Structure formats: C-alpha cells, structure tokens
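What follows is a set of notes on a single structure, which appears directly below.
Treat the numbers as computed from the prediction; the structure is a model and nothing was measured.
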Amino acid sequence: IFSAPLMMQRLQMIVPPDSGVVRFNFRKTELDEPVCNISAKREEKSEYELSLPVQFENEGKIALNHKFVMDAVKPFSMCNLELTSIQSPGKFTGDIEGLTVVVMPMFVQW
C-alpha cells in the first residue's frame, strides 16, 4: 500500500531507461521501516534510485515498465499493489471501487 501521488512523483524523478524497465524492491531498512526502492539503470553505467514509504506484508521485488506503472497509479490517491511472484502480473487497486489495473512484469537480471 502506498501513496499514488508520491509514487508518481518518484517515478517522474527517475529517468527511465530506453527499455522502460524500472525495478521495485520492497524491503525493510536498518531502522525496520518498510520502504520500496525504485531503481532504473541506463547503459550499465549509471543507476537512479529513490525510496518510497510503503506498507507491505512480505518483502519482494518486481520489474515493471515505467510508463505502464505511471498509467496504473494515476487515477488513485492510495494504491495497493498485489504481487504473487516476480513472474506474475502486478495487480493495482486503490480507493476507486471496481477499478483494477494489471501490469505484466518484465524479465531482468537482479
């Protein structure tokens, strides 16, 4: 669960690579705070990384297309991303009843 406007802000700050792949890593910090690290690599030289406060049940990671995630979270103010595995689609729901957006994951080397 995360703030959709804050996610949009973080995604706008990251320069998406030509491939459009953005990695999401849901984990806890050293202070036991749940965060999502959002990162994108360009030409294997530079990596952009930002974090976002979130709430989650289990740590995990997934790679998604930058544009598709932007479109998925845009209608919501609070958003829920349901993941079952890094190969399964991400299911975005939120504070708009009946609206569900599904985004297919992208294969990356972690």
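- At least one side-chain heavy atom of M70 sits under 4.5 Å from a side-chain heavy atom of Q12.
- In this view, Q87 and S85 satisfy the side chain to side chain donor-acceptor pair (under 3.5 Å) rule, not counting sequence neighbours.
- Remark: L6 engages S3, Q9, R10, L52, P53 in a side-chain contact (heavy atoms from CB on, under 4.5 Å) (not counting sequence neighbours).
- Every residue two or more places apart in sequence or in another chain was checked for a side-chain contact (heavy atoms from CB on, under 4.5 Å) with E30, and none qualifies.
- Follow the hydrophobic side-chain contacts under 4.5 Å out from F68 and you reach M13 in the same cluster.
- F26 places none of its side-chain heavy atoms less than 4.5 Å from the side chain of E59.
- Within a 6.0 Å radius of CD in E57, other residues, nucleotides and ligands contribute 12 heavy atoms or fewer.
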Verdict with supporting geometry, F107 and V21, side chain to side chain contact (heavy atoms under 4.5 Å, CB included): CA-CA 9 Å; F107 178 77; V21 177; over 6 Å; no
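- At a threshold of 4.5 Å between non-hydrogen side-chain atoms, the residues L99 and F92 do not count as touching.
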Show every donor-acceptor pair shorter than 3.5 Å between a side-chain atom in residues 74-84 and any protein atom, with sequence neighbours excluded, or say none if there are none.
from, atom 1, to, atom 2, distance (Å)
S77, OG, D95, OD2, 2.1
T84, OG1, S88, OG, 3.2

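- Each of I38 and V35 belongs to its own hydrophobic cluster when Ile, Leu, Val, Met, Phe, Trp and Tyr are linked at side-chain heavy-atom distances under 4.5 angstrom.
- One distance of note links CE of M104 with CG of L64; it measures 10.0 Å at 0.5 Å rounding.
- Smallest separation of non-hydrogen atoms from V102 and P89: CG1-CB, 3.4 Å.
- Here the CZ atom belonging to R27 is positioned 6.5 Å from the OG1 atom belonging to T29, to the nearest 0.5 angstrom.
- Looking at heavy atoms from C-beta onward, M106 lies in side-chain contact with N65 at the 4.5 angstrom threshold.
- In this structure, V22 is a member of the same hydrophobic cluster as F56, with clusters built from ILVMFWY side-chain heavy atoms closer than 4.5 Å.
- Annotation for V101 and A72: closest pair CG1-CB, 3.6 Å, computed over non-hydrogen atoms.
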